[in-house]
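Counting begins at 1 with the first residue of the sequence.
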Amino acid sequence: MQAAEASEVDLGHDWKSELRRLVVEDAAAGDASLNSTATDDSEDEVNSKPGSLKWNSEPEADKWLADRHLSTADATVAYRIQGWLAERGTSVWFGAGSTGKTQLMLWMAAMIASHPRDRPEQTWLGGRVNGTGHVLILTAEDTREQIIGRLRDVVTHSLNQDEAARLRTCARLHVMPFLSMPEGEFEHPNPSLLEQARDKPWGPSEVLLEIRRYIAEWNRLHPAVEDRIVGVVMDSATSMAGFDSLDAQATTNFFFYLGRLCERLRIFWAVIGHTPKTTSVPRTNARATAASRLRGVAMWTTAPRLTVEVRLIQEWRERGRVHLEAPGLRAWLGGRVDREDLLVVYVAKANLKGASRDERYLVRLPRGAFADVTGQPDDVLDSGVLDFRPNRAGDDVSSDQSPAGTDPTARSGRGPAPHRAARASRTGRPKLVPEGLAPGTDLVRELVTETYAGSGPGRRVSANQLTRVVAGLRATDGRASLVTSASGGGKLPARPGAINWHLDRLAAAGLLEKSGRYYRTAPAATIGEVTGRTPRSRTPDAN
């Protein structure tokens with residue numbers, strides 16, 4: 001066997017030397033040989049030997065002619081989740097750490113693995129979930145207890161499944177937690193999926209080859225469509241790829257191998273990627289620049305069939321003003337959700353037809369669940385269906401941050417969904433401050449209490465004076481950035497966030513009286529007595 005292999009290599013080297021000799025002779029022949037109509041080249045050794053020892057293009061065959069495949073060709077893209085996940089091929093879901101990428105992927109895996117009758121609905125991120133099947137989860141970041149505990153939270157609180165349905169779903173989720181595998185079971189030094197031997201190109205590691213064998217053998221033993229492993233979730237590229245994301249050759253080889261593996265095994269492969277937490281998101285073209293935020297060479301966004309960004313919703317502070325992403329949605333939520341619990345998900349780049357074009361807005365709920373609040377009916381907030389996390393003190397995302405000119409009926413930067421527009425105009429939005437006061441308004445209340453305490457009812461309140469006090473608090477009180485100078489008044493409505501806008505809110509709550517353009521203290525002795533709150537303390541670290 002070794003002798004045969006050696007002779008094959010020697011023959012290859014002899015042939016390449018002969019090929020070089022023929023090329024030199026052809027070049028020396030000059031224009032005469034270039035203009036020759038002789039057909040001797042068809043019988044040359046150049047055309048009788050393959051140009052690669054690992055690939056024979058078979059020029060004598062017709063296998064590459066398009067007409068040979070017309071009867072079976074189909075340009076339609078089959079989706080496992082319409083618009084978000086192709087049935088076959090790779091995808092990368094990326095974002096900064098602690099944004100909820102892993103939990104989002106576990107939710108997706110559980111939706112696919114669930115029997116249709118056990119799903120609360122047949123869509124995920126607005127896309128229909130097509131069929132069902134087993135999903136393999138690879139993790140080198142969580143222990144077995146952690147990852148399965150997170151899965152339990154997903155099926156219990158995101159899918160709202162009872163005990164029997166939870167067991168059915170989890171029986172279709174395969175979990176390989178490499179950190180929890182004992183050394184006697186997993187003897188490799190790490191779970192890297194790609195490796196490079198000395199003087200060799202990057203190729204699949206023994207770990208990846210064993211994962212491939214596991215999927216192929218499982219599917220051979222379980223031929224029913226709904227019992228096959230239909231996809232893999234890999235958490236994450238950083239801990240399992242085995243190479244630096246800036247290595248172009250390794251990245252190319254990685255996605256080429258996974259792409260062919262997906263075609264061969266008829267599966268999807270979803271990779272969780274990362275971006276640095278310090279990566280900035282520009283206000284003017286946040287989505288258009290998404291692909292540039294994924295750390296790595298261009299192949300990380302070019303080779304996968306889909307690249308999806310998962311990030312926190314943004315707030316931009318420019319020239320003393322706060323600009324919100326999706327201001328209509330934020331106003332609708334009315335301060336119920338912290339910014340750290342409000343995510344936006346969208347396809348950053350795709351090389352297949354039918355990819356989703358919309359942003360989806362998710363609220364992170366207690367116990368590891370998510371709620372998709374994109375295009376929800378107005379009354380869902382009052383129905384108790386969404387069990388929001390309690391706001392963290394000082395971090396409330398409130399409606400008083402809405403910039404000038406925002407439309408409170410716009411649920412995103414693209415405006416209201418057409419099928420919601422009629423309902424929105426009929427029922428209207430909930431009040432911007434359904435419970436208590438928004439942070440900026442509460443700061444104004446405290447300042448009015450301090451400034452006019454003991455002055456009795458009917459005392460005129462100076463908006464300009466309050467604005468100057470607020471300006472002096474910007475360095476010590478984060479709420480001060482939510483209060484801007486006066487605007488509008490009279491026939492024009494006050495701009496949201498302006499000092500007179502906040503004073504309007506206090507008047508509406510009965511804490512001030514308004515006469516024309518002027519505000520006066522209420523009949524109560526102080527605003528603090530009306531609200532039952534104590535005046536604000538003017539300490540340097542007051543919040």
Applying salt bridge (charged side-chain N to carboxylate O under 4.0 Å, His left out), name anything that partners [X], two or more places apart in sequence or on another chain.
{"X": "Asp118", "result": "Arg168"}
{"X": "Glu163", "result": "Arg166"}
{"X": "Arg311", "result": "Glu309, Glu325"}
{"X": "Arg283", "result": "Glu318"}

| task | Would you verify whether the NZ or CZ of Arg330 falls within 45 degrees of the ring axis of Trp332 while also being under 6.0 Å from that six-membered ring's centre? | result |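 No.
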
By side chain to side chain donor-acceptor pair (under 3.5 Å) - contacts of [X] (at least two apart):
{"X": "Arg144", "result": "none"}
{"X": "His174", "result": "His134, Tyr214"}
{"X": "Glu121", "result": "none"}
{"X": "Thr132", "result": "Arg172"}

| With Arg319 via side chain to side chain contact (heavy atoms under 4.5 Å, CB included) - residues at least two apart |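 Once residues adjacent in sequence are excluded, Arg319 has no partner under the side chain to side chain contact (heavy atoms under 4.5 Å, CB included) criterion.
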
| Ala350: partners by side chain to side chain contact (heavy atoms under 4.5 Å, CB included), with sequence neighbours left out |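 Only Leu306, Val347, Leu352, Ala355 meet the side chain to side chain contact (heavy atoms under 4.5 Å, CB included) criterion with Ala350.
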
| task | Only pairs at least two apart or in different chains count here, so list each side chain to side chain donor-acceptor pair (under 3.5 Å) that has a residue in residues 79-90. | result |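 Qualifying pairs: none.
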
| message | Once side chain to side chain donor-acceptor pair (under 3.5 Å) is applied, what residue pairs with a partner in residues 92-114 remain, sequence neighbours excluded? | response |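 Those involving residues 92-114 are Ser91-Trp93, Thr102-Asp235, Gln103-Arg150, Ser114-Gln161, Ser114-Thr169.
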
